[in-house]
Amino acid sequence: MRMSPEKRQKSPDLEGPARQRMVIEGVTPLIGGGRFAAKAVAGWPMAVSADIFGDGHEVFAAAIETSDGAETRMAFIENDRWGAEVTFDQPGPASFAIIAWRDLWGTWARDAKRKLDAGQDISVEMQEAAQILGQTKAPRGASAQVKKLVTAAKKGDAAILLSSEAAELMGRIGPRANVTRYERDIPVWVDRERAAFSAWYELFPRSTGPEGQHGTFHDVIGRLDYVKDLGFDVLYFPPIHPIGTTNRKGKNNSLVAEPGDIGSPYAIGSSEGGMTDVHPELGTLKDFDDLVEAAAEKDLEIALDIALNASPDHPWIEEHPDWFERRPDGSIKFAENPPKKYEDIVNFRYYNDDGTPNTPFWKAVRDIFLFWAKHGVLCFRVDNPHTKPFPFWEWIIADVRAKHPGAIFLSEAFTRPKVMKRLAKIGFNQSYTYYTWRNTKEELTEYLTELTTEECADYMRPNFFTNTPDINPYFNHTSGRPGFRTRAVMAASLSGNWGLYSGFELCEDDWLPPKDEYLNSEKYELKHRDYDAPGHIKDDIRLINRIRQAEPAMRDFRNLRFFEAFEDRVLYYGRFDPTTGSYLLFHVLIDPLNPAHFEFEVPLWEFGLPDDGAIGVTDMLYGNSFDWQGKTHWLELNPHERPYAIWKLTPPEIAE
């Protein structure tokens with residue numbers, strides 16, 4: 001039976017595959033097959049690698065082309081793996097491509113040298129060299145060097161043709177055969193440094209006034225020196241907008257508010273305005289602008305909490321009734337996470353009944369970010385983004401960053417791992433994490449290994465908050481001051497971004513059993529603190545933030561390495577930056593009650609030193625310097641005296 005012409009299989013294309021003679025695969029970073037952008041930082045090197053090979057035994061070469069037109073040659077690593085580092089100069093969208101080719105000159109030089117070393121005649125090879133040189137297009141400034149090689153080929157001067165100078169020149173300008181480009185350009189989003197390296201301090205502006213009085217933005221200006229002295233560079237506020245009165249929550253989240261209760265700032269909106277307005281008792285927009293300006297003078301950025309929570313009194317309910325979810329009886333739908341109910345908050349409507357996006361609402365939320373950006377705010381902590389559609393955030397973040405490439409979005413999503421990672425992929429620059437609940441050596445090591453070595457390291461930047469107004473960690477309920485000290489130091493030294501909610505430096509631990517929540521939560525009442533009260537840990541916070549700023553190794557969290565301390569209650573790790581010679585080691589006693597005397601290994605092998613070698617050490621807590629001789633040493637940590645140790649290493653070649 002003869003197959004009809006239309007059913008015959010077409011001959012496969014020959015020209016297309018034939019042009020792609022080289023193989024490029026296993027590219028990293030490549031997020032979602034190129035669907036999402038890998039994250040980079042302006043001025044920081046970004047590592048790129050790929051499996052690159054071809055048929056036969058020829059010499060291959062490869063390079064990375066960045067969207068700004070620069071080309072960086074890749075180096076062979078092992079087992080057909082190639083890699084290089086590229087740098088992007090400006091925040092914003094970028095990309096890179098990987099190209100590979102057969103290196104005609106490199107192959108010729110390798111084979112000619114082998115024959116020459118074996119005493120074989122290479123006169124034909126001289127002719128081949130002349131042919132390759134004839135295909136070489138010498139750029140301006142290199143023509144004399146190429147002519148020198150042509151002359152050497154005619155004279156049969158192998159020494160000149162096989163010199164390192166010839167190899168360097170032809171590696172740059174020599175002809176490339178069978179140039180193959182990876183199937184797609186890889187998207188990259190380039191951030192400013194603060195997206196990857198920052199220290200956040202959270203406070204409620206309304207609690208900054210005198211005892212018993214509602215604070216104002218000008219009261220916050222009076223707190224800026226305190227925040228800066230502790231070493232923070234981002235000052236973050238919960239919502240600062242008008243608060244609704246309908247179903248207002250009372251103290252400790254009680255359902256009935258007493259006279260004088262100020263309500264939760266997360267129940268946003270009243271007759272006084274919505275999410276582009278400020279609570280009248282805090283001041284005016286002009287007062288807020290004054291605060292932003294005063295903070296900038298101290299190199300402090302203001303971060304705002306964008307919480308898409310509308311009070312039943314929000315003006316949008318009357319202005320845009322179709323922006324809210326409704327029950328079958330037409331009543332507005334309150335927020336809930338059964339059995340929890342949030343009677344002071346109503347739900348927004350993100351999609352219409354026909355499945356199309358509620359476009360006017362999406363644009364209105366986008367405009368909230370743009371409004372505050374005009375008032376000098378480019379750091380946004382987004383409340384519960386995992387409860388809103390992913391496409392909603394992907395579009396908003398992209399549109400805001402198109403106008404403000406320096407915008408930073410922190411995802412507050414304590415949820416399932418894949419959901420947290422998806423939010424990072426679609427654009428969130430930083431992410432809250434599970435650090436708050438990782439307490440043991442095994443838990444911390446496993447979690448940090450995932451964050452720093454798996455694919456998520458290329459797109460998810462953790463922000464290790466020690467606590468939040470919602471989370472008073474179980475560990476700190478009984479750990480006392482030692483636990484607060486170690487949790488702050490670990491948060492700041494394990495991650496490029498870290499933060500704390502005010503009161504942590506005072507070791508506040510009153511909790512509301514059985515939850516990991518605060519008793520007398522500041523979310524529902526003013527809280528006035530004595531920031532010089534005995535037992536604070538401000539010195540620890542100043543120290544670790546000073547070390548973070550002084551030591552380049554503290555910037556890129558992906559350089560974290562764990563080392564061997566022969567004690568399950570001690571976390572031992574290092575942050576190394578060979579480029580700048582910044583090497584730090586940390587011992588942290590994670591048992592807040594009992595001392596530990598333990599043996600540990602100094603990683604002399606990291607510096608090419610033998611087991612009996614010596615390395616210079618500076619104790620960063622006390623400032624004294626000495627040598628560690630040999631690989632094995634002993635240390636004692638006491639939770640009530642010294643629950644952690646930080647060491648700066650000085651290898652012999654640096655000391656000299």
Side-chain angles (χ1 to χ4, degrees), residues 12-27 48-65 69-86 97-183 608:
D13 177 39
L14 184 151
E15 294 295 331
R19 284 192 294 269
Q20 299 291 95
R21 184 170 176 180
M22 297 292 297
V23 177
I24 305 173
E25 59 187 21
V27 175
V48 177
S49 61
D51 295 331
I52 298 173
F53 53 93
D55 56 276
H57 301 286
E58 294 173 291
V59 173
F60 307 126
I64 303 167
E65 293 180 351
E71 180 180 286
T72 302
R73 291 295 289 268
M74 302 181 78
F76 178 81
I77 302 172
E78 62 178 0
N79 192 26
D80 291 322
R81 193 71 180 170
W82 294 66
E85 290 183 339
V86 294
I98 297 178
I99 58 173
W101 62 91
R102 292 189 301 120
D103 184 352
L104 299 182
W105 184 265
T107 302
W108 173 87
R110 181 199 63 189
D111 294 345
K113 186 177 184 306
R114 287 176 178 175
K115 291 183 178 181
L116 191 65
D117 290 345
Q120 297 177 4
D121 176 66
I122 60 168
S123 57
V124 176
E125 279 68 22
M126 292 296 104
Q127 297 176 35
E128 291 177 344
Q131 289 180 343
I132 296 172
L133 290 166
Q135 302 173 39
T136 301
K137 296 180 180 180
R140 182 178 298 178
S143 58
Q145 293 170 283
V146 174
K147 287 180 181 179
K148 179 181 177 181
L149 296 181
V150 171
T151 300
K154 291 179 179 179
K155 293 182 178 180
D157 192 339
I160 291 178
L161 296 178
L162 296 176
S163 67
S164 59
E165 292 79 9
E168 189 279 330
L169 174 68
M170 295 302 289
R172 286 190 293 111
I173 69 172
R176 301 174 175 183
N178 302 114
V179 176
T180 300
R181 189 181 184 96
Y182 185 62
E183 59 193 36

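Please read these numbers as outputs of a predicted model, since none were measured by experiment.
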Item checked: NZ/NE/NH1/NH2 to OD/OE distance under 4.0 Å, K113 and D117 -> yes
Check: Nearest heavy-atom pair of G156 and M126: which atoms, and what distance?
Finding: CA-SD, 3.6 Å
Next item on the list: Evaluate side-chain contact (heavy atoms from CB on, under 4.5 Å) for L169 paired with V146, printing each intermediate quantity in order.
Entry: CA-CA 8 Å; L169 174 68; V146 174; 4.3 Å; yes
Notebook entry, point to check: Between W82 and I52, what is the shortest heavy-atom contact and its length?
Noted result: NE1-O, 3.2 Å
Next item on the list: State, with a plain yes or no, whether a side-chain heavy atom of D157 is found less than 4.5 Å away from one of T151.
Entry: no
Notebook entry, point to check: So how far is it from I64 CD1 to M74 CE, rounded to the nearest 0.5 Å?
Noted result: 4.5 Å
Margin query: For the CE atom of M22 and the CG atom of D55, what is their distance to the nearest 0.5 Å?
Written below: 8.5 Å
Notebook entry, point to check: Would E125 and L161 satisfy side-chain contact (heavy atoms from CB on, under 4.5 Å), going step by step from the backbone distance to the final call?
Noted result: CA-CA 11 Å; E125 279 68 22; L161 296 178; over 6 Å; no
Notebook entry, point to check: Just by distance, with hydrogens left out, do T107 and R102 show a side-chain donor and acceptor under 3.5 Å apart?
Noted result: no
Notebook entry, point to check: Can you name the nearest heavy-atom pair linking I24 to R181, along with the distance?
Noted result: CD1-C, 4.2 Å
Note to self: I'd like to know whether K154 forms a side-chain contact (heavy atoms from CB on, under 4.5 Å) with V150, so could you lay out the CA-CA distance, the side-chain angles of the two residues, the decisive distance to 0.1 Å, and finally the verdict.
What the structure shows: CA-CA 6 Å; K154 291 179 179 179; V150 171; 3.9 Å; yes
Checklist line | CG-CD distance between D80 and E25, expressed to the nearest 0.5 angstrom | finding: 9.0 Å
Check: Nearest heavy-atom pair of I160 and A166: which atoms, and what distance?
Finding: O-CB, 3.5 Å
Item checked: Check: A177 main-chain N/O paired with R21 side-chain donor or acceptor under 3.5 Å -> no
Check: Is there side-chain contact between M170 and P175, with heavy atoms separated by less than 4.5 Å?
Finding: yes
Item checked: Rounded distance [0.5 Å steps], CG in D103 versus CG in N178 -> 12.0 Å
Item checked: Criterion side-chain contact (heavy atoms from CB on, under 4.5 Å) on R176 and I99, from CA distance to verdict -> CA-CA 11 Å; R176 301 174 175 183; I99 58 173; 3.6 Å; yes
Checklist line | T136 and I173, any side-chain heavy atoms less than 4.5 Å apart | finding: yes
Margin query: To check you understand the geometry: which heavy-atom pair defines the closest contact between R81 and S49, and what is its length?
Written below: NH2-OG, 2.8 Å
Notebook entry, point to check: Under the ring pair (Phe, Tyr, Trp, His ring centres under 6.0 Å) test, which residues partner W108, sequence neighbours left out?
Noted result: W105
Margin query: Could you report the tightest heavy-atom contact between S143 and A138, atom names first, then the distance?
Written below: CA-CB, 3.8 Å
Next item on the list: Any chance you could measure E183, atom CD, to I98, atom CD1, to the nearest 0.5 Å?
Entry: 10.5 Å
Notebook entry, point to check: Hey, what do you get for CZ (R110) to CD (E58), rounding to the nearest 0.5 Å?
Noted result: 8.0 Å
